[in-house]
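Okay, so here's the structure we're looking at.
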Amino acid sequence: QVQLVESGGGLVQPGGSLRLSCAASGRIFSINGMGWYRQAPGKERELVATITSDITNYADSVKGRFTISRDSAKNTVYLQMNSLQPEDTAVYYCNADYTYWSDRYYPGSSWGQGTQVTVSS
């Protein structure tokens, strides 16, 4: 019902910056919250940051370096990543929790396809 498309990943040197974007489209009535997760090779997917209304939440490992923000008019969430380190290398996934309309209102949750972030010299 709802699709998420991520962009902005790539290769960056340690200490560099990247900005990820995730746009939601489809039969959206309202988006309740959006977030970013990441999965490194051989590891489980972990939370990076979430935003619900104006309330943000960050993993301890990214506090002070990453900033999540949202443009509600565009149904888009961003992740500004600064001071990137090799341990930030992972596939980054966008997630959204929302309400959509079909024959009535339904709750839903979707994941994006993921975007690769590689931090290496």
Side-chain angles (χ1 to χ4, degrees):
Q1 296 289 339
V2 175
Q3 297 78 41
L4 303 180
V5 178
E6 299 128 334
S7 61
L11 172 64
V12 64
Q13 293 185 343
S17 298
L18 284 175
R19 189 191 194 209
L20 305 183
S21 299
C22 172
S25 62
R27 305 179 68 175
I28 301 168
F29 173 74
S30 65
I31 294 181
N32 306 317
M34 300 185 80
W36 290 95
Y37 296 73
R38 67 187 181 186
Q39 187 166 18
K43 295 187 177 181
E44 294 185 354
R45 190 173 297 187
E46 63 176 3
L47 179 147
V48 176
T50 61
I51 183 167
T52 302
S53 297
D54 292 329
I55 300 172
T56 57
N57 179 52
Y58 296 93
D60 288 343
S61 59
V62 307
K63 282 181 181 176
R65 301 187 298 124
F66 291 11
T67 302
I68 189 170
S69 60
R70 178 176 162 183
D71 185 334
S72 297
K74 296 181 179 179
N75 288 333
T76 299
V77 66
Y78 305 97
L79 185 68
Q80 177 66 44
M81 305 185 293
N82 299 327
S83 301
L84 282 160
Q85 300 301 317
E87 52 266 33
D88 296 314
T89 296
V91 178
Y92 283 70
Y93 296 91
C94 175
N95 172 261
D97 293 323
Y98 51 84
T99 301
Y100 70 94
W101 172 262
S102 183
D103 58 326
R104 61 178 179 86
Y105 293 112
Y106 292 93
S109 183
S110 294
W111 290 89
Q113 80 284 357
T115 185
Q116 177 70 46
V117 171
T118 302
V119 184
S120 175
S121 55

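Residue numbers run from 1 in the order of the sequence given. This one's a predicted model, so the numbers in the text were calculated from it and none came from an experiment.
In terms of modelled atom types and a separation under 3.5 Å, the side chain of Ser83 and the main chain of Arg65 share no donor-acceptor contact. Counting only distance, with no hydrogens or angles, the side chain of Gln3 and the backbone of Ala24 share no donor-acceptor pair below 3.5 Å. Between the side chain of Thr115 and the backbone N or O of Gly9, at least one donor-acceptor pair lies under 3.5 Å.
Within the 4.5 Å cutoff, the side chain of Ser17 has no heavy atoms near those of the Met81 side chain. Contact of the Leu79 side chain with the Glu6 side chain is not registered, since no non-hydrogen atoms from C-beta on lie closer than 4.5 Å. Between Ser61 and Arg38, the closest side-chain pair of non-hydrogen atoms falls below 4.5 Å. Contact of the Val48 side chain with the Tyr92 side chain is registered, since non-hydrogen atoms from C-beta on lie closer than 4.5 Å. At least one side-chain heavy atom of Leu11 sits less than 4.5 Å from a side-chain heavy atom of Ser120. Residues Leu47 and Asn57 are in side-chain contact: their nearest non-hydrogen atoms beyond the backbone lie under 4.5 Å apart. Two residues are said to be in side-chain contact when any heavy atoms from C-beta on lie closer than 4.5 Å; Tyr58 and Thr67 meet this criterion. Taking 4.5 Å as the limit, every side-chain heavy atom of Trp36 sits out of range of all side-chain heavy atoms of Asn95.
Between Leu20 atom CG and Cys94 atom SG the span is 9.5 Å, to the nearest 0.5 Å.
Between the side chains of Asn32 and Thr52, not a single donor N or O lies within less than 3.5 Å of an accepting N or O. At a cut-off of 3.5 Å, with distance as the only test, a side-chain donor of Gln116 or Thr118 sits close to an acceptor on the other residue. Counted by atom type alone, Asp71 and Thr76 present zero donor-acceptor pairs between their side chains at under 3.5 Å.
Criterion: ILVMFWY side-chain heavy atoms under 4.5 Å apart, direct or through other members. Under it, Ile31 and Val2 are part of a common hydrophobic cluster. Follow the hydrophobic side-chain contacts under 4.5 Å out from Phe66 and you reach Val12 in the same cluster. Tyr37 is not connected to Ile51 by any chain of hydrophobic side-chain contacts under 4.5 Å among Ile, Leu, Val, Met, Phe, Trp and Tyr, and they are in different clusters.
Residue-environment remark: CD (Glu87) exceeds the threshold of 12 foreign heavy atoms within 6.0 Å.
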Test log, rule side-chain contact (heavy atoms from CB on, under 4.5 Å), inputs Thr89 and Val117: CA-CA 5 Å; Thr89 296; Val117 171; 5.9 Å; no

Check against salt bridge (Lys or Arg N to Asp or Glu O under 4.0 Å), Arg70 and Asp54: CA-CA 9 Å; Arg70 178 176 162 183; Asp54 292 329; over 6 Å; no

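By the 6.0 Å and 45° rule, Arg45 stacks over the aromatic ring of Tyr93.
Between Tyr106 and Trp101, the gap from one ring centroid to the other reaches at least 6.0 Å. Outside the 6.0 Å centre-distance limit, the rings of Tyr100 and Phe29 are not counted as a close aromatic pair.
The heavy-atom pair separating Cys22 from Leu4 by the smallest distance is SG-CB, 3.9 Å. In terms of heavy atoms, Val5 sits closest to Gln113 at CA-OE1, 4.0 Å. Here the closest heavy-atom approach between residue Ala90 and residue Ala40 is recorded as CB-N, 3.8 Å.
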